[in-house]
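Atoms considered below: every heavy atom in the structure, side chains included; atoms not considered: hydrogens, waters and symmetry mates.
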Amino acid sequence: MRVFIIECPNPIDLLQGRNEGNSLEQICKLVGHEVTSFHPRSKDELQTVCGYISSIDREHDDTDKPDLPVCVHISSHGEEDGLIFGKDIVSWNELMEILEPICTKKSIYRGENILIISACEAKQQKLTEKIQKKIQISKAFQPPKHFFVTADKNVYWTDAVVAWALFYNKIPKANLSKKKKIIAVLCLIEKAGLGCIYYYRWLGKNKKYQCYSAAGRVAGV
């Protein structure tokens with residue numbers, strides 16, 4: 001995959017060395033993913049970063065796999081109403097608008113989109129329902145086919161780092177088209193005591209997401 005890590009620790013986190021990005025970037029490189037990190041400190045900076053990522057194209061790609069999946073990994077503090085970037089609370093509505101350029105179909109890059117949100121209260125996200133509505137009115141909108149969120153109320157950064165490191169290590173061996181293979185990775189993470197991750201899989205024919213956890217399909221989500 002091509003992994004873009006977007007991380008916003010708060011000032012105390014920075015002073016005390018708490019972050020996901022540095023460790024995950026090294027793990028991803030070791031596994032063989034292409035990866036880079038951004039550290040926006042406000043809603044405006046987050047919007048700038050996502051706009052930049054959306055400009056990805058194939059023109060200067062010197063690999064033999066020019067359309068690898070693009071994974072956007074967002075790590076921040078969170079609450080029920082959205083994610084925290086510096087002094088700004090980015091609501092789920094605002095996050096949807098900010099991510100829209102990344103999710104717009106591009107004739108010059110055809111890799112599918114993967115979205116990850118690692119934050120407290122990420123389980124409360126409203127993106128899936130907003131995406132399902134958006135696809136009804138925009139033919140250019142391309143929903144992330146795979147969407148992962150931390151599903152525990154409180155997410156401890158040490159557990160999160162190890163959980164996502166395990167995820168990025170195992171995902172290359174799990175065919176993304178095989179739902180059971182992805183759920184098996186979630187099982188490994190949960191059995192290791194590293195927390196619960198929800199997986200939203202886009203059903204193209206039904207134009208909606210179906211949610212899964214390590215235990216299988218999650219009803220009512």
Tell me yes or no: between the side chains of [X] and [Y], is some donor less than 3.5 Å from an acceptor?
{"X": "His39", "Y": "Asn19", "answer": "no"}
{"X": "Ser177", "Y": "Asn175", "answer": "yes"}
{"X": "Asp152", "Y": "Thr150", "answer": "no"}

Query raised in the report: How far apart are the C-alpha atoms of Asp67 and Asp61, what are their side-chain angles, what is the distance that settles it, and do they pass the side-chain contact (heavy atoms from CB on, under 4.5 Å) test?
Result: CA-CA 9 Å; Asp67 291 314; Asp61 193 331; over 6 Å; no
So for atom [atom1], which belongs to [X], do other residues, nucleotides or ligands contribute more than 12 heavy atoms lying within a distance under 6.0 Å?
{"X": "Lys126", "atom1": "NZ", "answer": "yes"}
{"X": "Phe141", "atom1": "CZ", "answer": "yes"}
{"X": "Lys145", "atom1": "NZ", "answer": "no"}

Does the side chain of [X] reach to within under 4.5 Å of the side chain of [Y], using non-hydrogen atoms?
{"X": "Val155", "Y": "Cys120", "answer": "yes"}
{"X": "Pro9", "Y": "Arg41", "answer": "yes"}
{"X": "Lys207", "Y": "Trp202", "answer": "yes"}

Where the side chain of [X] meets the backbone of [Y], is there a donor-acceptor pair that is under 3.5 Å apart?
{"X": "Asn10", "Y": "Ile12", "result": "yes"}
{"X": "Gln124", "Y": "Glu121", "result": "no"}
{"X": "Thr48", "Y": "Asp44", "result": "yes"}

Report task. Begin with the C-alpha distance, continue with both residues' side-chain angles, and end with the deciding distance and a verdict on side-chain contact (heavy atoms from CB on, under 4.5 Å) for Gln210 and Lys179. Result -> CA-CA 11 Å; Gln210 179 61 63; Lys179 178 181 62 184; over 6 Å; no
Report task. Tell me whether Val185 is reachable from Leu30 by hopping between hydrophobic residues (I, L, V, M, F, W, Y) whose side-chain heavy atoms are closer than 4.5 Å. Result -> no
Query raised in the report: When clusters are formed by joining ILVMFWY residues with side-chain heavy atoms under 4.5 Å apart, either directly or through shared neighbours, do Val70 and Leu24 land in the same one?
Result: no
Report task. Could you go through the side-chain contact (heavy atoms from CB on, under 4.5 Å) check for Ile117 and Leu95 one step at a time? Result -> CA-CA 11 Å; Ile117 297 180; Leu95 185 59; 4.0 Å; yes
Report task. Run through Tyr198, Tyr200, Phe167 and flag the one making a ring pair (Phe, Tyr, Trp, His ring centres under 6.0 Å) with Phe148. Result -> Phe167
